[in-house]
Amino acid sequence: ARMRELGIHVEPVEQKNLLMVDRFIHLARFAKQNDGVIGMWDADVWFTEPVDDLFDTYREKHRARLLCNWDAVFQTSCYDPAHDLATRKRIDRVLLPLLCEHGTVPQCGFLCGTTSVLARFGGYLEHLLARGEFALDWNSDTLALCYFYTHHRRHIEVIDNRYNCLPDCY
């Protein structure tokens, strides 16, 4: 109720799988029914400064790409959705180059983009799960974002962590 009082739209999510996956599948459907630029943050985000500029400059600076941040600390739980050796090898092909180049992976605590690119990411997440690329587990959303970063590079941009961090991480 407090967020609505502040003028922040709160969209209830229908839970069919796990919340961390369902939120992006629902966001994709929401995006298909709306237009504009949408930002989505985890509930535990700390805003270290205003984020208005992100929306004010999105179209000119980011050209319809999905925006996210690097994870402050890589979590080995990204491997939890690998329930067999073949899946572990597929995940390695995506995660290891990211870890070698950046020392971490993109994370899902903050996503921002046009309704089109958000719908694309949600659909891609559903596709990966339906194809059995990895199991539905705690970090399936992060893995999907890593796959999206790897296979759809022109549609994603990692931006400054000030849009999603604890005060001591920025």
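Small disclaimer: the values here were computed from a predicted structure and weren't measured. Sequence positions, counted from 1, serve as the residue numbers for this chain.
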Linking I/L/V/M/F/W/Y whenever their side-chain heavy atoms sit closer than 4.5 Å, directly or via other members, would Leu96 and Tyr147 fall into one cluster? yes
Check whether Arg59 reaches the backbone of His62 with its side chain - one donor and one acceptor, N or O, closer than 3.5 Å. no
Please assess Asp71 against Thr142 for the test side-chain contact (heavy atoms from CB on, under 4.5 Å), listing each intermediate value before the final yes or no. CA-CA 10 Å; Asp71 205 335; Thr142 299; 5.5 Å; no
Is there a donor-acceptor pair under 3.5 Å between the side chain of Arg90 and the backbone N or O of Phe134? no
Got a second to check how far Gln15's CD is from His26's NE2, nearest 0.5 Å? 12.5 Å
Before accepting this row, confirm whether a basic side-chain N of the pair Glu126/Arg29 lies closer than 4.0 Å to the acidic partner's carboxylate O. yes
Is there a side-chain contact (heavy atoms from CB on, under 4.5 Å) between Val117 and His152 once you walk through the steps? CA-CA 11 Å; Val117 76; His152 300 279; over 6 Å; no
Nearest heavy-atom approach of Ala119 to Lys32 is CB-CG, 3.8 Å
Just by modelled atom types, is the Gly109 backbone N or O under 3.5 Å from a matching donor or acceptor in the Gln107 side chain? yes
Contact check, side chains of Leu125 and Phe148, non-hydrogen atoms, under 4.5 Å: no
Drop me the distance from Leu118's CG to Phe30's CZ, to the nearest 0.5 angstrom. 10.0 Å
Arg153, CZ: over 12 other non-hydrogen atoms inside 6.0 angstrom: yes
Hey, what do you get for OH (Tyr149) to CD (Glu157), rounding to the nearest 0.5 Å? 10.0 Å
Applying side-chain contact (heavy atoms from CB on, under 4.5 Å) to Ile91 and Arg88, what does each step give before you reach the verdict? CA-CA 5 Å; Ile91 291 172; Arg88 171 70 187 235; 5.6 Å; no
Below 4.5 Å, heavy atoms only, C-beta onward: do Leu143 and Leu95 meet side chain to side chain? yes
Kindly work out whether a path of hydrophobic side-chain contacts (I/L/V/M/F/W/Y, heavy atoms less than 4.5 Å apart) joins Leu98 to Val73. no
Salt bridge Arg23-Asp42, side-chain N to carboxylate O under 4.0 Å: yes
Non-hydrogen atoms of Asp137 and Pro81 that approach each other most closely: CB-CG, 3.7 Å
side-chain contact (heavy atoms from CB on, under 4.5 Å) for Leu145 and Leu66? Distances and angles first, verdict last. CA-CA 10 Å; Leu145 189 61; Leu66 180 66; 3.9 Å; yes
Under a 3.5 Å distance rule, please check whether Asn69 uses its side chain to pair with a backbone N or O of Val158 as donor and acceptor. no
Heavy-atom nearest pair, Ile25 first then Gly122, reads CG1-O, 4.4 Å
Atom CG in Asp80, atom CG in Asn139: separation rounded to 0.5 Å? 6.5 Å
Between CZ of Phe74 and NE2 of His102, what distance do you get to the nearest 0.5 Å? 13.5 Å
All heavy atoms of Leu99 vs all of Val105, minimum pair found to be CD2-CG1, 4.2 Å
Do the side chains of Ile159 and Leu54 get nearer than 4.5 Å, heavy atoms only? yes
Considering all heavy atoms, the nearest Pro106-Cys68 contact: CB-SG, 3.7 Å
Answer yes or no: is there a donor N or O on one side and an acceptor on the other, between the side chain of Thr87 and the main chain of His83, under 3.5 Å? no
If you round to the nearest 0.5 Å, how far is CG of Leu27 from CG of Asp22? 12.0 Å
Can you see which heavy atom on Tyr58 is nearest to which on Val37, and at what distance? CD2-CG2, 3.5 Å
